[in-house]
Amino acid sequence: MKQTDTVTPIIIDTDPGIDDAVAIAIALYDPTLDVKLISTVAGNVGLDATTLNAEKLMTYFDKNVPIARGAAEPLIRQFEDASDIHGKTGMEGFDFPEPRKDLLLKENSVDAMRHVLMSSDKPITLVTIGPLTNVALLLKTYPEVKSHISEIVMMGGSVTRGNKGVMAEFNIYVDPEAAKIVLKSGIHVTMATLDAGMGTAIPPEETARMDDMGKVGHMAHDLFQRYRKRSFGTGLKMYDPCAIACILQPDLFTMQDAFVDVETAGELTAGCTVIDLKGYLHKEPNATVTTGVDSQRFCEWFMKAIERCD
Ligand code: RIB
Ligand code: CA
């Protein structure tokens, strides 16, 4: 459980992305989180678009957080995006102001993350809400950063079924080899899984209320009109905000320590997270996995968090 009086330094690695946009807003406006860097990766849409979206968000939120461009494609596999869900730009539905261009660092996100981690006076939480390509490259290129990372909190993986193919969650599916490297790194991972995310539906009447909740609520309201059209009526799942909630309000979730690995060889199952809840593999747990969420309390937490973003 996070101590509310302490400020936690974090780096967010992201592929904005509509649910990324609200997750980033909640993190930026929470007084107990100190966002040191936004690192962008290809995922929901290509790297140019996710990086431009990060600039749009920092400009709209009026936050001076540096941005660094990361990987434009997975370590090995062919890049596949989710523009069918987030739209061609990755944040269809809201008319953002012209983005400022002075936040984008010259160095790539691997070097930028290393610099932030090595110059911090306390360990930093790495929050990943997109594919794990950048983090895998960071850990392989600069293993010395590991002792400067307190934990990795990721939206990724699923205990049961997937949302990209039968068994894979999108962030893992895009770059399973990167996910395997991160899970084998020895750094503790808190996994906000799809299974918990499925219980975070924000119903249409709550989305309607957001429109009058200040500039972040208005942005979310407009983006949500476009996002995952088919599930608007039954409620939009807040996958990436779950990662932030795991830091700010972990008691919303049921969690369990488990050994987790990633299937990379399977023809039909590549990207599947094998989460050994019963210890069949007799391996030490490397992750704390969300297995469920209190849906009502999450919705209340989420709406209060959006309301506070002002
Ligand atoms: O599976 C959900 C994840 O994939 C979220 O991070 C969403 O933004 C997409 O990247
Ligand atoms: Ca994302």
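Note that ligands are numbered from 1 as they come in the structure, with each ligand's atoms numbered from 1 the same way. One-based numbering along the sequence shown.
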Next item on the list: Evaluate the ring planes of F224 and F302, with Trp represented by its six-membered ring, and classify them as parallel (under 30°), tilted (30 to 60°) or perpendicular (over 60°).
Entry: parallel

Subset of ligand 1 atoms that lie under 4.0 Å from at least one heavy atom of [X]:
X    : value
F170 : 1 (O), 4 (O), 9 (C), 10 (O)
I129 : 6 (O)
D240 : 5 (C), 6 (O), 7 (C), 8 (O)
E169 : 1 (O), 2 (C), 3 (C), 4 (O)
N163 : 1 (O), 2 (C)
D20  : 8 (O)

Item checked: Ring centre gap for H218 and F94 strictly below 6.0 Å -> yes

Next item on the list: Could you pull out the atom name of the N/O/S atom in D240 that is nearest the Ca ion (ligand 2)?
Entry: OD2

Next item on the list: Name whichever N, O or S atom of D15 ends up nearest to the Ca ion (ligand 2).
Entry: OD1

Next item on the list: Kindly confirm or rule out a cation-pi arrangement of R308 over Y29, judged by NZ or CZ under 6.0 Å from the six-membered ring centre and within 45° of its axis?
Entry: no

Next item on the list: Check whether the side chains of T128 and D13 place a donor and an acceptor atom closer than 3.5 Å, and report yes or no.
Entry: no

Strictly below 4.0 Å, N to O, side chains only: are [X] and [Y] in salt-bridge contact?
X    : Y    : result
R161 : D195 : no
K101 : E55  : yes
D48  : R69  : yes

Check: Taking heavy atoms and a distance under 4.0 Å, where does D15 meet ligand 1: side chain, backbone, both or neither?
Finding: side chain

Checklist line | Heteroatom proximity flag, Y239 to ligand 1, N/O under 3.5 Å | finding: no

Check: side chain to side chain donor-acceptor pair (under 3.5 Å) between T288 and Q256: does it pass, once the steps are laid out?
Finding: CA-CA 5 Å; T288 300; Q256 180 180 333; over 6 Å; no

Next item on the list: Please find out if the Ca ion (ligand 2) and some N, O or S atom of I129 are separated by less than 3.0 Å.
Entry: yes

